Structures are given as structure tokens and as C-alpha cells.
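Only one structure is covered here, and it is reproduced in the block below.
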Amino acid sequence: MTVGFIGTGNMATAIVRGMIAGAFLPPDEIVVFDPNADKREELAHELGVRAAESNEALVAESDVVVLAVKPQILPLVLAPLAAQIADRRRVVVSIAAGTTLAKLESLLAVEGADGGAAPVVRVMPNVNAMIGAGMAAVCGNAAASNEDVAFVVAMFTAVGQAIELPESQFSTYTAIAGSSPAFAYLFIDSLARAAVAAGMGKDLATQIAAQTVLGSAKMVLESEKSPWDLIDMVCSPGGTTVAGLLALEDRGFLSTVAHGVAATIARDQEMTAGS
Ligand SMILES: NC(=O)C1=CN([C@@H]2O[C@H](COP(=O)(O)OP(=O)(O)OC[C@H]3O[C@@H](n4cnc5c(N)ncnc54)[C@H](OP(=O)(O)O)[C@@H]3O)[C@@H](O)[C@H]2O)C=CC1
Ligand SMILES: O=C(O)[C@@H]1CCC=N1
């Protein structure tokens with residue numbers, strides 16, 4: 001089974017690194033291509049995966065083709081590859097934001113081909129896959145078999161967690177899982193910067209804030225308690241936490257986060273409409 005990655009930028013690199021670390025596939029069953037020869041050779045050298053000389057060469061040797069380029073250039077990338085992808089049953093996996101299965105099917109359609117739509121699996125991963133802590137949503141088109149979808153779920157489970165999700169929820173999912181690592185990084189940096197304002201060194205403050213957010217996330221996942229139950233556990237009557245919590249709410253913390261999520265959903269829907 002050979003998995004080919006078209007594009008070796010932030011996300012593909014994160015996934016490939018995670019796949020190797022998670023021993024999902026032997027390195028020689030992963031092939032990558034990027035027009036930037038340094039990028040692709042560097043990744044190949046570092047991880048022992050194979051570097052193809054072109055997308056065509058990558059498709060020729062791949063059973064699964066992962067599209068890891070920016071959404072806006074997908075038509076450009078797929079136009080010269082559609083016939084080749086269709087010449088034998090290959091599964092196409094797209095991680096492109098705002099790009100529907102229907103759009104991908106149309107980009108992969110081959111005039112006069114009687115094979116019907118190509119098996120396409122859409123994934124919304126996140127960059128935390130790089131350290132095996134990713135969160136991915138997966139959905140397949142009608143031509144994708146249960147085995148195809150299960151393989152992709154397993155691939156992204158090797159780099160974190162993966163769930164099957166109806167495509168109708170992908171915009172919301174993108175906001176709270178695809179993009180939200182950036183929001184979490186911002187929160188951690190904001191905690192640290194506030195500590196710096198109070199005189200603590202930035203690196204130490206960042207380490208403390210990051211570990212505390214990590215532990216808090218694990219508490220939500222592993223304790224039987226809801227986030228609000230956990231908040232109540234921390235808030236001693238008349239203590240420090242409730243003072244901070246009320247100050248955060250005074251500045252609209254909850255509504256600010258909701259506003260950011262809504263903006264992300266709106267942008268994804270805009271991209272979906274335009275794709
Ligand atoms: N970054 C993230 O956290 C997430 C990203 N995604 C999705 O993943 C996809 C990739 O995003 P990301 O990794 O951040 O983007 P990057 O720009 O980091 O990576 C895309 C790569 O594709 C390369 N590329 C450009 N043209 C071609 C081509 N014709 N053939 C092969 N490769 C090409 C680019 O090279 P060059 O730079 O030289 O143009 C670049 O290295 C996007 O669709 C995005 O929506 C999904 C979830 C999370
Ligand atoms: O910002 C983006 O469009 C991509 C998709 C989700 C995370 N990064």
C-alpha cells in the first residue's frame with residue numbers, strides 16, 4: 001500500500017512525521033512531491049520516505065493520493081492528473097479546507113470515462129498531528145468503500161484521534177478542530193504574556209501556561225466532570241479564581257470565543273461556496 005502526498009507543507013509534513021512516528025506505514029510506502037525540491041528532498045532524507053520527481057510520478061506509484069495543497073490551487077493541480085488517477089482505482093484523500101466531496105468529484109471527473117466518480121475521502125485534520133496528538137474528521141463520497149474510509153480513519157488515528165463526521169458538519173468542525181489549535185496557542189501565549197507583565201520570564205511563563213492548558217484538556221477528556229463542574233472545583237469562595245473568571249466575563253471571554261468560531265465557520269462556508 002503506497003500513500004502519496006501532493007504538497008509537503010505544514011500539514012503534509014505534520015501528517016507524514018506522525019505516520020512515521022506512529023509506525024502506520026514503513027517509510028518506503030510513503031511518497032511525497034512538492035515543486036520545491038529542497039522541501040521534498042529534505043523531508044525524504046529526514047524521514048526515509050520517497051520523493052517523486054513530479055505529481056504524475058507520485059500518482060503512478062500511489063494507491064492513495066493525499067491532496068495537501070492550498071484549496072485555491074486544487075483545480076490547477078488536479079487538471080493534469082484526473083485521467084491518470086482514474087486509470088486504476090486509487091483513493092483520493094483531500095485535506096483542503098472548504099472543498100466539498102462534490103467539488104472534488106467534479107475536479108476528478110474524466111470526460112467519457114465509464115468508471116463513475118473516483119473514491120474520495122475528505123479529511124479535516126489539524127497540525128497537532130505532528131506530535132501524534134491530532135484530531136481529524138473524515139467523510140467519504142458514495143464511491144468510497146467502508147474499507148477506504150476505515151483506512152483513512154486508521155491513518156489519522158495513527159497521528160492522534162479521528163472520527164467519521166457528516167460533511168454537513170465540516171465547517172463547524174474546521175472551526176473547533178482544524179483552526180482552533182491557533183486559538184489555543186493564542187490563549188497559552190496570552191496567559192504567558194500576562195505573566196510577563198507581572199514580571200515572570202516569557203519562556204518559563206509559556207512552559208507553565210502550556211502544561212496547565214494541557215493538563216486542563218486532559219482533565220476534561222479523562223475526568224467524568226463537565227468543564228463547568230471543573231471550573232467550580234477550582235473556584236474557592238472569595239478566592240483568586242472567581243475574581244479572574246468574573247474579570248474575563250466582564251470583557252466577554254465566552255462571547256469573544258464564540259465570535260471567533262463563528263468567523264471561522266463563515267470563512268469556511270465562503271470558501272465552500274466559492275470552491
Ligand atoms: N495548516 C493547517 O493547520 C491545516 C491545513 N489544512 C489544509 O491543508 C492544505 C495544505 O495546507 P498547509 O500545509 O498549511 O499549506 P502549505 O502552503 O504549508 O503547503 C502546501 C504545499 O503545497 C505545495 N504546492 C504548491 N503547488 C503544488 C503543486 N502543483 N504540486 C504539489 N505541491 C504544490 C506548496 O509549495 P509552495 O509553498 O512552493 O507553493 C506547499 O509546500 C490546505 O488545503 C489547508 O486547507 C487542513 C487542516 C489544518
Ligand atoms: O487556515 C486554514 O485555512 C487551514 C484549514 C484549517 C487550519 N488551517
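In this text, all values refer to a predicted model and were calculated from it rather than measured experimentally. Atoms within a ligand are numbered from 1 in the order they appear, just like the ligands themselves.
P125 O, 3.3 Å is the protein heavy atom nearest to atom 47 (C) of ligand 1. When hydrogens are left out, the protein atom nearest atom 18 (O) of ligand 1 is N10 N, 2.9 Å; that is the closest non-hydrogen contact. For atom 19 (O) of ligand 1, the nearest non-hydrogen atom of the protein is G9 CA, 3.2 Å. Closest to atom 11 (O) of ligand 1, if we only count protein heavy atoms, is M11 CB, 4.3 Å. In this structure, atom 46 (C) of ligand 1 lies nearest to the protein heavy atom I95 O, 3.3 Å. The protein atom (non-hydrogen) at minimum distance from atom 45 (O) of ligand 1 is A97 N, 3.1 Å. Looking from atom 36 (P) of ligand 1 to the surrounding protein, the closest heavy atom is K39 NZ, 4.1 Å. In terms of protein heavy-atom proximity, atom 34 (C) of ligand 1 is nearest to D34 OD2, 3.8 Å.
By the 4.5 Å heavy-atom criterion applied to side chains, F156 and I15 are counted as neighbours. Within the 4.5 Å cutoff, the side chain of I30 has heavy atoms near those of the I20 side chain. Here the side chains of R251 and T256 are not in contact, with every heavy-atom distance at 4.5 Å or above.
Within 6.0 Å of the CD atom in Q161, the count of heavy atoms belonging to other residues, nucleotides or ligands does not exceed 12. Other residues, nucleotides and ligands contribute over 12 non-hydrogen atoms within 6.0 Å of the CD atom of E167.
Considering backbone and side-chain atoms alike, T8 places every N or O at 3.5 Å or more from each N or O of ligand 1. Note: no N/O pair closer than 3.5 Å links N126 and ligand 1 by distance alone.
Contacts between A68 and ligand 1 below 4.0 angstrom, taking non-hydrogen atoms only, involve the backbone exclusively. Using a 4.0 Å cut-off between heavy atoms, V69 contacts ligand 1 through both its backbone and its side chain. At a heavy-atom distance under 4.0 Å, only side-chain atoms of I73, from C-beta outward, approach ligand 1. By the criterion of a heavy-atom distance under 4.0 Å, neither the backbone nor the side chain of S179 is placed next to ligand 1. With a 4.0 Å heavy-atom cut-off, ligand 1 is reached by no atom of T174.
Contact annotation for atom 13 (O) of ligand 1: protein present (non-hydrogen atoms, distance under 4.0 Å).
Centroid-to-centroid, the aromatic rings of F24 and F151 come within less than 6.0 Å.
Connection of F33 to F5 is not established within any shared hydrophobic cluster, with ILVMFWY side chains joined at heavy-atom distances below 4.5 Å, either directly or through further cluster members. One hydrophobic cluster, built from ILVMFWY side chains closer than 4.5 Å, holds both V149 and V66. Note on F183 and Y173: separate hydrophobic clusters, where clusters join Ile, Leu, Val, Met, Phe, Trp and Tyr whose side-chain heavy atoms are under 4.5 Å apart, directly or indirectly. V77 and V120 fall within the same hydrophobic cluster, defined by Ile, Leu, Val, Met, Phe, Trp and Tyr side-chain heavy atoms under 4.5 Å apart, directly or through other members.
Ion pairing of E270 with R267 is present here, as a side-chain N (NZ or NE/NH1/NH2) and a carboxylate O approach within less than 4.0 Å.
Near ligand 2, heavy-atom contacts under 4.0 Å come from A97, G178, S179.
Among residues at least two apart or in separate chains, side-chain hydrogen bond (donor to acceptor under 3.5 Å, both in side chains) pairs with a member in residues 220-231 are K218-E222, S226-D229.
Close approach of ligand 1 to P71 (heavy-atom distance below 4.0 Å) involves ligand atoms 42 (C), 43 (O), 45 (O). Interface atoms of ligand 1 facing N55, defined by a heavy-atom separation under 4.0 Å, are 28 (C), 29 (N), 30 (N), 31 (C). Those atoms of ligand 1 with a heavy atom of I6 less than 4.0 angstrom away are 30 (N), 31 (C).
Looking only at distances, a side-chain donor or acceptor of R90 sits under 3.5 Å from a matching main-chain atom of S62.
The structure places CZ of R122 at 12.5 Å from NZ of K103, a figure rounded to the nearest 0.5 Å. To the nearest 0.5 Å, the span separating CG on L67 from CG on N55 amounts to 9.0 Å.
Taking only non-hydrogen atoms, the option from V127, D268, V77 nearest to atom 29 (N) of ligand 1 is V77. Closest heavy-atom approach to atom 32 (N) of ligand 1 within the set P35, G178, P181, A52: this belongs to P35.
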Decide side chain to side chain donor-acceptor pair (under 3.5 Å) for T206 and D203; before the verdict, give the C-alpha distance in whole Å, the side-chain angles of both, and the deciding distance to 0.1 Å.
CA-CA 5 Å; T206 302; D203 291 348; 5.4 Å; no
